[in-house]
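Written below as structure tokens is the structure these notes are about.
Bear in mind the structure is a predicted one, so any value in this text is a computation, not a measurement. Numbers here simply count residues along the sequence, with the first being 1.
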Amino acid sequence: MSTSSYAEFYRRSIEDRDAFWAEQARAIEWHRPFEQVCDYSRPPFARWFVGGETNLCHNAVDRHARDRGEQNALIWVSTEVDQERIYSFSALQREVERMAAILLAQGVSQGDRVLIYMPMIPEAAFAMLACARIGAIHSVVFGGFASHSLASRIDDAEPALIVSADAGSRSGKVVPYKHLLDEAIQLARHKPGAVLMVDRGLAPFERVAGRDLDYAALREQHLDAQVPCTWLEANAPSYTLYTSGTTGKPKGVQRDTGGYAVALAASMQHIYCGRPGETYFSTSDIGWVVGHSYIIYGPLLAGMATIMYEGLPTRPDAGVWWSLVEKYRVTVMFSAPTAVRVLKKQDPAYLSKYDLSSLRALFLAGEPLDEPTAKWIAEALGRPIIDNYWQTETGWPILSIANGVETKASKFGSPGVAMYGFNVKLLDENSGAELTAPNQKGVVAIAGPLPPGCLQTVWRDDARFVNTYWSSIPGQQLYSTFDWGIRDADGYFYILGRTDDVINVAGHRLGTREIEESISSHPNVAEVAVVGVADQLKGQVAMAFAVLKDASRAATPQAALAQEGEIMKLVDEQLGAVARPARVRFVNVLPKTRSGKLLRRAIQAVCEGRDPGDLSTMDDPAALRQISELLGA
Ligand code: AMP
């Protein structure tokens with residue numbers, strides 16, 4: 001911990017940007033020094049560390065294998081299949097080289113995409129790092145997504161190869177993956193050249209001759225493989241990660257190499273305060289951005305061991321995470337408010353059963369952290385709880401507390417202050433004017449250039465990058481987060497929810513449009529509206545209101561339940577259980593404006609028992625009444 005002033009640190013990051021980031025860039029190793037810190041000659045596209053050459057895998061693995069090879073790097077714990085495997089940095093490097101050799105032998109080369117559709121197993125980490133090693137662009141798709149979601153991502157990424165596994169496991173039940181993948185490839189226009197299958201022996205599967213490869217057999221062939229890191233220009237893309245927006249088509253958030261490495265390495269020092277040789281435990285999944293930044297790359301870049309956990313927080317019992325903290329002397333932990341709310345329902349004795357003295361702080365992110373949850377866990381752990389606010393797009397926190405620079409207290413309900421490099425502004429939604437007085441509600445926006453580590457663009461769609469993120473503020477080119485916020489007199493922000501139709505279920509970001517499109521594909525659905533509704537446990541849940549073509553199929557309560565079940569099954573099959581609405585209710589007509597625009601916010605307000613606001617533009621007031629009656633019933 002340092003005694004220097006965060007205010008000064010932050011000021012330098014904005015006003016003396018290039019000197020500031022040139023200093024931060026020392027946290028990683030460069031094969032060739034950069035010539036320019038930031039090229040912002042073509043706003044809003046920022047290019048960081050131009051001309052520099054580096055490699056993410058070198059910095060995350062090889063560098064530490066060289067300096068501290070026998071220390072733990074990857075600790076895999078599965079309470080689903082009751083296994084643990086530990087890889088030192090040297091062992092991790094060997095596995096990554098084997099995986100890289102397999103990819104190369106299949107003709108995967110620099111710039112090619114590799115789609116990774118995997119459960120939380122070490123091979124998923126090997127695959128990501130192997131891609132980084134050879135300059136292939138990985139695109140991890142969350143294992144909870146089903147065939148339609150996967151197919152649209154395959155078509156957008158056009159992968160040369162897909163890495164997958166026979167199955168995941170949830171709550172002790174096998175969740176087969178392969179048939180979903182086969183279905184997705186069938187649905188997709190683009191066909192990958194090969195599918196590399198990790199067979200865990202959990203679910204038998206059919207192999208497609210000439211396409212499907214066996215990882216274990218190929219690994220044997222490449223046991224002694226030595227694959228050097230490919231030095232990449234700092235702006236070479238390292239990965240794409242799909243995230244939901246307001247259209248049904250997910251956006252491929254594209255990240256660079258050098259800027260990302262610097263941003264993560266810096267955040268490990270200044271925000272997460274993790275030191276080499278210590279253990280980091282993030283409970284997220286590699287399918288989400290937290291998994292990319294703070295299960296795989298961030299901790300490894302910092303020379304820390306990272307725990308990769310497959311399982312639930314409550315199985316075999318609600319003490320399992322704390323038992324890992326004790327066993328591996330975890331110093332930094334990262335989770336989501338929903339997980340804490342789940343644990344809060346369990347016996348508090350689990351928290352005092354283990355020695356948690358190694359733990360310095362618990363970071364929470366992904367969704368708003370409510371005060372009762374924060375207070376409960378803070379008291380139970382006796383450690384600082386540090387909220388951090390960011391997005392798939394930014395790759396690391398926009399708002400938090402940089403205790404590595406200056407120790408500062410958190411405020412309940414606030415994710416903290418603007419992090420260095422992020423020139424955060426609050427803007428009036430209609431005029432775009434900056435709100436400078438404290439405690440005013442506005443849209444949280446960021447003035448360009450975005451700092452290193454943030455998205456470079458939307459994969460193969462620069463126009464979408466500009467139009468989506470940089471064009472929504474009237475008269476100005478500013479990055480919109482699409483979140484409402486306020487800032488108090490001390491510079492602490494409070495996030496008040498999304499300005500768009502994106503919802504957040506248990507920290508997972510879902511687009512209501514995607515769910516609507518899936519439900520609309522049911523033959524008996526004429527129209528549907530999906531909204532996010534406040535939920536005590538998950539923060540929000542999706543609620544669907546549908547107009548049926550043949551309403552008689554939901555005429556009795558039993559028939560309605562059967563129809564609802566059918567629609568939920570369809571969403572499960574197409575998008576995955578993660579997107580399944582909590583309820584599908586049937587109505588005669590949906591509330592719309594006279595010009596036909598769905599009044600989602602009014603529906604949401606009624607569902608949450610709030611005043612729906614001005615309804616003078618509404619076409620048919622009976623529509624909202626029916627929803628409110630249904631909910632009251
Ligand atoms: P994702 O891209 O899936 O990480 O989702 C990003 C969105 O989650 C943000 O735009 C916010 O709406 C929400 N979010 C993430 N972290 C926080 C936080 N600490 N507090 C409040 N909302 C958050």
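- Side chain of Thr314 to backbone of Asp317: no donor-acceptor contact under 3.5 angstrom is found.
- Using modelled atom types, no side-chain atom of Ser293 and backbone atom of Val290 make a donor-acceptor pair closer than 3.5 Å.
- Between the Gln476 side chain and the Gly432 main chain, a donor and an acceptor come within less than 3.5 Å of each other.
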>> Apply ring pair (Phe, Tyr, Trp, His ring centres under 6.0 Å) to residues Trp459 and Phe465 and explain how you reach the verdict.
In response: CA-CA 9 Å; Trp459 172 249; Phe465 172 64; over 10 Å; no
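- One finds the CG atom of Leu575 at 7.0 Å from the CD1 atom of Ile515 (value rounded to the nearest 0.5 Å).
- Scanning all heavy atoms of the two residues, the minimum distance from Leu590 to Ala529 falls at CD1-N, 3.9 Å.
- Under the 4.5 Å side-chain criterion, counting only non-hydrogen atoms from C-beta, Phe334 is not in contact with Val332.
- Taken from CD1 in Ile271 to CD1 in Ile401, the straight-line distance is 10.0 Å, to the nearest 0.5 Å.
- Here Arg580 does not pair with Glu564 in a salt bridge; the nearest charged N to carboxylate O distance is not below 4.0 Å.
- Although no hydrogens or angles enter the test, the distance criterion places a donor-acceptor pair under 3.5 Å between the side chain of Asn467 and the main chain of Ala463.
- In this structure, the separation between CD on Glu80 and CD1 on Ile121 is 13.0 Å, given to the nearest 0.5 Å.
- The local environment of CZ in Arg464 is crowded, with over 12 non-hydrogen atoms from other residues, nucleotides or ligands closer than 6.0 Å.
- Heavy atoms only, all atoms of each residue included: Ala184 and Ala151 are closest at O-CB, 3.6 Å.
- In this structure, the side chains of Leu399 and Phe422 stay at 4.5 Å or more apart for every pair of heavy atoms.
- Note: Ile295 CD1 to Ser284 OG = 5.0 Å, rounded to the nearest 0.5 Å.
- Pairs engaging residues 409-418 under the side chain to side chain donor-acceptor pair (under 3.5 Å) rule: Lys411-Asp488, Lys411-Asp490 [sequence neighbours left out].
- No donor-acceptor pair under 3.5 Å is formed between the side chain of Gln254 and the backbone N or O of Thr457.
- In terms of heavy atoms, Ala336 sits closest to Thr283 at N-OG1, 4.5 Å.
- Closest approach of Glu608 and Gly532 over heavy atoms only: OE2-O, 3.9 Å.
- In this structure, CD1 on Ile446 lies 6.5 Å from OG1 on Thr394, to the nearest 0.5 angstrom.
- With Ser147 as the fixed residue, the side-chain hydrogen bond (donor to acceptor under 3.5 Å, both in side chains) test singles out one of Glu183, Gln574, Glu573: Glu183.
- In this model, a donor atom of one side chain and an acceptor atom of the other lie less than 3.5 Å apart for Ser595 and Thr593.
- Put simply, the side chain of Val466 reaches to within 4.5 Å of the side chain of Ser471, judged on heavy atoms.
- A cation-pi arrangement, defined by a distance under 6.0 Å to the six-membered ring centre and an angle within 45 degrees of its axis, is absent between Arg487 and Tyr492.
- Counting only residues at least two apart or on different chains, the salt bridge (Lys or Arg N to Asp or Glu O under 4.0 Å) pairs with a member in residues 589-605 are Asp501-Arg600, Glu516-Arg600, Glu527-Lys592.
- For the pair Glu393 (side chain) and Leu455 (backbone), a donor-acceptor distance under 3.5 Å is absent.
- Leu369 contributes atom CG, which lies 4.5 Å from atom CG of Asp387 (distance to the nearest 0.5 angstrom).
- With a 6.0 Å cutoff to the six-membered ring centre and a 45° limit on the axis angle, Lys251 does not count as a cation-pi contact of Tyr242.
- Taking 4.5 Å as the limit, every side-chain heavy atom of Trp484 sits out of range of all side-chain heavy atoms of Leu426.
- Counting heavy atoms from C-beta on, the side chains of Leu115 and Val140 never come closer than 4.5 Å.
- Applying the salt bridge (Lys or Arg N to Asp or Glu O under 4.0 Å) test to pairs two or more places apart or on separate chains, those with a residue in residues 533-556 are Arg553-Glu566.
- For the pair Phe545/Gln626, no side-chain contact is recorded, criterion being any heavy-atom separation below 4.5 Å from C-beta on.
- A ring pair (Phe, Tyr, Trp, His ring centres under 6.0 Å) check over residues 497-532, counting only residues at least two apart or in different chains, returns the pairs Phe142-His508, Trp288-His508.
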Might you work through the side chain to side chain contact (heavy atoms under 4.5 Å, CB included) test for Leu187 and His148, ending with a clear yes or no? CA-CA 7 Å; Leu187 283 169; His148 279 63; 3.7 Å; yes
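- Residues Val289 and Arg255 form a side-chain contact, since some pair of their non-hydrogen atoms from C-beta on lies under 4.5 Å apart.
- Nearest heavy atom pair, residue Ala447 against residue Lys425, reads CB-CE, 3.9 Å.
- Looking at Glu310 and Ser169, their side chains never bring a donor and an acceptor atom within 3.5 Å of each other.
- Between the side chain of Asn388 and the main chain of Leu364, a donor-acceptor pair closer than 3.5 Å is present.
- Around the CD atom of Glu371, the shell of radius 6.0 Å holds more than 12 heavy atoms that belong to other residues, nucleotides or ligands.
- Side-chain polar atoms of Glu514 and Ser244 form a donor-acceptor pair below 3.5 angstrom.
- Formation of a donor-acceptor pair under 3.5 Å by the Asp166 side chain with backbone atoms of Leu202 is found in this model.
- With hydrogens and angles disregarded, a donor-acceptor distance shorter than 3.5 Å links the side chain of Arg383 to the backbone of Leu359.
- When all heavy atoms of Leu435 and Asp428 are compared, the closest pair comes out as CG-N, 3.8 Å.
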Legend entry - Trp390 and Ile398: CA distance, side-chain angles, deciding distance, side chain to side chain contact (heavy atoms under 4.5 Å, CB included) verdict: CA-CA 5 Å; Trp390 44 297; Ile398 305 167; 4.2 Å; yes
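- Lys344 is not listed as a side-chain neighbour of Ile377, based on a closest heavy-atom distance of 4.5 Å or more.
- Classification of Glu367 and Arg341 as a salt-bridged pair holds, one side-chain N sitting under 4.0 Å from a carboxylate O.
- Remark: side-chain polar atoms of Ser171 are not paired, donor with acceptor, to backbone N or O of Lys173 under 3.5 angstrom.
- Taking the six-membered ring for Trp and the full ring otherwise, Tyr177 and Tyr117 have centroids separated by under 6.0 Å.
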The test is side chain to side chain contact (heavy atoms under 4.5 Å, CB included); show your working for Val528 and Val547 and say whether it passes.
CA-CA 6 Å; Val528 62; Val547 178; over 6 Å; no
Q. Does the pair Thr79 and Tyr309 meet the rule for a side chain to side chain donor-acceptor pair (under 3.5 Å), with working shown?
A. CA-CA 8 Å; Thr79 49; Tyr309 176 74; 2.9 Å; yes
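- Asp155 pairs by the salt bridge (Lys or Arg N to Asp or Glu O under 4.0 Å) definition with Arg189, not counting sequence neighbours.
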Verify ring pair (Phe, Tyr, Trp, His ring centres under 6.0 Å) between Phe281 and Trp322, making sure each step is shown before the conclusion. CA-CA 10 Å; Phe281 179 18; Trp322 315 119; 8.4 Å; no
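- Applying the ring pair (Phe, Tyr, Trp, His ring centres under 6.0 Å) test to residues at least two apart or on different chains, the pairs with a partner in residues 363-383 are Tyr272-Phe363.
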